[in-house]
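Below is one structure, written out as structure tokens, with a few remarks after it.
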Amino acid sequence: MDKVQSVRGTYDLYGATKRKMKKVISTGSDVVEKYGFEEIETPIFEFTEVFARNLGDTSDIVTKEMYCFEDKGGDSLTLRPEGTAGVVRAFVSNGMQQNLPVKFYYSGPMFRYERPQKGRQRQFTQFGVELLGIETPQADIEVIAMAYEFLEKLGLNGQVTVEINSLGDEESRNAYRTKLVAYLQEHYDELSEDSKNRLQKNPLRILDSKEECDKAVVENAPLYADSLNEASQKFFADVLRGLDNLGIKYRINNRLVRGLDYYSHTVFELTTDKLGAQGTVLAGGRYNGLVSQMGGGDVAGIGWACGVERLSMLLEENVDLPRPIAVIPVGEDTNDKALEIAHSLRLAGFHVEQSYSGNMKKRMMKANKVNAAKAVIIGSDELANNTVTLKDLDSGEQKTISQSDLIKELQ
RNA sequence: GCGGAUGUAGCUCAGUUGGUUAGAGCGCUGGUUUGUGGUACCAGAUGUCGAGAGUUCGAGUCCCUUCAUCCGCCCCA
């Protein structure tokens, strides 16, 4: 390492970038708390099996993207590549089946060893929700509505499309897989190299391929909807009807499949065309088998997660800092008084920026730079008379008031 | 993991067919008479030209390697 730099695919988050991310997370928290979701924080690393067993051993995340390491006790641990497995593990570990439904939200860093690009990092931040214990479509509708409201509050719903599909229950999924594989086998020679591989590992993914030759084959492939059994069809129809009732606009995408094995029934993605190849900004679905797979009994689940950095990049305007009040002492003997005034203003709830050094002009420039709304100036005259000069930095008007009236004047 | 592009001051970029002490704008620092900013004017600082090796009398400019970023694929948030 010749230069002091952060590890590839990791970034220092500060200033405007951090402010936007903070806004995304706080907006998300406010929205989902109204739906009764409570925050959970699970460890950033788990036993490797938590992810390896549950995400699907053919998924790319498990086969090539996990940061695994052995700790000094010899256990194989993995930096979490996504949030759901950890939350479900916590649910099972803590015996939360006793008190359903359970509604959690979380945010924090995730890690995937991938080639970095715009909107794709090796350490990135997700905000997500999980609703456990409700197997009826109300849960799907509510959770999607929540995602929709979230993006609306961020002012992004004009640039984001809701895409939705159903993978059906296990029976439907297996039936479709069989049909699709049979069809694709017949057209094996027409498929791209990647897709020939995918045929073994994850044939559903071929539906999603961007290769022209694949698209041509997929064009006439059997439709997922035709393989859904009656129960799955009804479930999907109920979800869609619910979304219609709530005025949520969506697009059915019968090629939408998700990368992780644990999904069933409803899957959805919120996508944008503004981030190049990384268009998916929020994604999720139902995972009815996951809890029992972890030994937690037959508990249904549904959730989503969003990429906080990706959403932040869509936020056009800068998130403004609150405008402080600048307290400006003039002359050394006023420092004590200035500090006292600054302190009392802070205790009264104001944002206060103290100026530390320089002549008055410097200090005024500094006040301007931090976008202060008002300046409280205290020099020898003010000190002698127990007054301050209060200046409005937008209008330029200023007046002298007594120190005891300052807080009242500012409110 | 594969393919392509890029890498010059804090930021955005210029730098001609290789030729002396590498530039601009913004920002930063100081000043335009001693208690008044946001506009204006004046002055100033700043770079191992991503790193390493090579060709050459001479490399920011050419070759190679490497690192990083960006774009596409794979995959995904």
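Letters A, B, ... are given to chains in the order of the sequence lines, protein chains preceding strands, and every chain is numbered from 1.
- The side chain of A:Arg8 contributes no N or O atom lying less than 4.0 Å from OP1 or OP2 of B:C67.
- With both ends at atom P, the span from B:U8 to B:G50 equals 6 Å, rounded to whole Å.
- Side-chain N/O atoms of A:Arg205 include one lying less than 4.0 angstrom from OP1 or OP2 on B:C76.
- Panel note: side chain A:Trp304, backbone A:Val143; a donor-acceptor pair is recorded below 3.5 Å.
- Although no hydrogens or angles enter the test, the distance criterion places a donor-acceptor pair under 3.5 Å between the side chain of A:Asn253 and the main chain of A:Arg255.
- Separation of the A:Phe127 and A:Tyr105 ring centroids falls under the 6.0 Å cut-off.
- Note: CD (A:Gln123) to C1' (B:A77) measures 14 Å, nearest angstrom.
- Only the P atoms considered, B:C13 is 28 Å distant from B:U21, to the nearest whole Å.
- At most 12 heavy atoms of other shown residues, nucleotides or ligands fall within 6.0 angstrom of atom CD in A:Glu135.
- Judged by the 6.0 Å and 45° rule, A:Arg80 forms no cation-pi pair with A:Phe45.
- If you check every strand for non-hydrogen atoms under 4.0 Å, A:Gly128 touches nothing.
- Closest non-hydrogen pair, A:Thr387 versus A:Gln403, comes out as O-NE2, 3.2 Å.
- Side-chain atoms of A:Thr10 and A:Gln123 include no donor-acceptor pair closer than 3.5 Å.
- Across the protein-nucleic acid pair, A:Glu114 atom CD and B:C73 atom P stand 13 Å apart, rounded to whole Å.
- Nearest to the side chain of A:Met365, among B:U69, B:G37, B:C76, sits B:G37.
- Phosphate contact (OP1/OP2 of B:U36, side-chain N/O of A:Gln398, threshold under 4.0 Å): absent.
- In this structure, A:Arg112 reaches the bases: a heavy-atom distance under 4.0 Å links it to at least one base atom across the strands shown.
- With B:U29, B:U69, B:G37 as the choices, the nucleotide that has an atom nearest any side-chain atom of A:Lys369 turns out to be B:U29.
- If you measure from atom CD of A:Glu163 to atom C1' of B:C76, you get 14 Å, rounded to the nearest angstrom.
- B:C62 and B:U17 are spaced 12 Å apart, taking the C1' atom of each and rounding to whole Å.
- Nucleotides of RNA chain B nearest to A:Gln126 and A:Lys362 differ in position, and the one nearer the 5' end is that of A:Lys362.
- Atom NZ of A:Lys118 has 12 or fewer neighbouring heavy atoms from other residues, nucleotides or ligands inside a 6.0 Å radius.
- Rounding to whole angstrom units, NZ of residue A:Lys361 and P of B:U33 are separated by 8 Å.
- A:Arg115 contributes no side-chain N or O that forms a donor-acceptor pair with the base of B:C71 under 3.5 Å.
- With a cut-off of 3.5 Å on both pairing distances, the Watson-Crick and G-U wobble pairs of RNA chain B assemble into stems of 3 or more at B:1-7 with B:67-73, B:10-13 with B:23-26, B:28-32 with B:40-44, B:50-52 with B:64-66.
- Here, B:G4 and B:U39 have their P atoms 48 Å apart, quoted to the whole Å.
- At a threshold of 4.0 angstrom between heavy atoms, the contacts of A:Met360 include nucleobase atoms, whether or not backbone atoms are also involved.
- Note on A:Ile377: a base of the nucleic acid sits closer than 4.0 angstrom, heavy atoms only.
- If you take atom C1' in B:C26 and the same atom in B:A5, they sit 27 Å apart, rounded to whole Å.
- The closest donor-acceptor contact from the side chain of A:Gln126 to the backbone of A:Val308 lies at 3.5 Å or more, if one exists at all.
- For the pair A:Met364 CE and B:G30 C1', the interatomic distance rounds to 19 Å; values are reported in whole Å.
- Counting any heavy atom pair closer than 4.0 Å across all strands shown, A:Ala283 reaches sugar-phosphate atoms only and no base atom.
- At a threshold of 4.0 angstrom between heavy atoms, the contacts of A:Gln117 include nucleobase atoms, whether or not backbone atoms are also involved.
- In this structure, the separation between CG on A:Leu240 and CG on A:Asp140 is 10.0 Å, given to the nearest 0.5 Å.
- Between the side chain of A:Tyr262 and the main chain of A:Gln293, no donor-acceptor pair closer than 3.5 Å is present.
- Whole-Å rounding puts the A:Asn368 CG to B:G38 C1' distance at 4 Å.
- Nucleotides B:G58 and B:U66 are separated by 26 Å at their P atoms, to the nearest Å.
- Backbone-only contact: A:Gly9 has heavy atoms under 4.0 Å from sugar-phosphate atoms and none from a base.
- Closest approach to the A:Asp381 side chain among B:C76, B:G35, B:C75 is made by B:G35 (side chain taken as heavy atoms from C-beta onward).
- Within 4.0 Å (heavy atoms only), A:Thr125 reaches no atom of the nucleic acid at all.
- Side-chain contact check for A:Glu340 and A:His343: no donor-acceptor pair (N or O, by modelled atom type) lies under 3.5 Å.
- The side chain of A:Tyr113 contributes no N or O atom lying less than 4.0 Å from OP1 or OP2 of B:C75.
- Between A:Ala372 and A:Thr280, the residue whose closest nucleotide on RNA chain B is further toward the 5' end is A:Ala372.
- Nucleotides B:G1 and B:C11 place their C1' atoms 34 Å apart, quoted to the nearest Å.
- Here B:G1 presents its P atom at 17 Å from CE of A:Met66, a figure rounded to the nearest Å.
- Across all strands shown, A:Gly331 has no heavy atoms under 4.0 Å from either base or sugar-phosphate atoms.
- A distance of about 11 Å separates the P atoms of B:A59 and B:G19, rounded to the whole Å.
- Going from atom CD of A:Glu269 over to atom P of B:A77 covers 8 Å, rounded to whole Å.
- Contacts with RNA chain B (heavy atom under 4.0 Å) in residues 29-40 of chain A: none are found.
- Counting any heavy atom pair closer than 4.0 Å across all strands shown, A:Glu382 reaches a base atom.
- The backbone N or O of A:Thr266 lies less than 3.5 Å from no partner atom in the side chain of A:Arg286, so there is not a single donor-acceptor pair.
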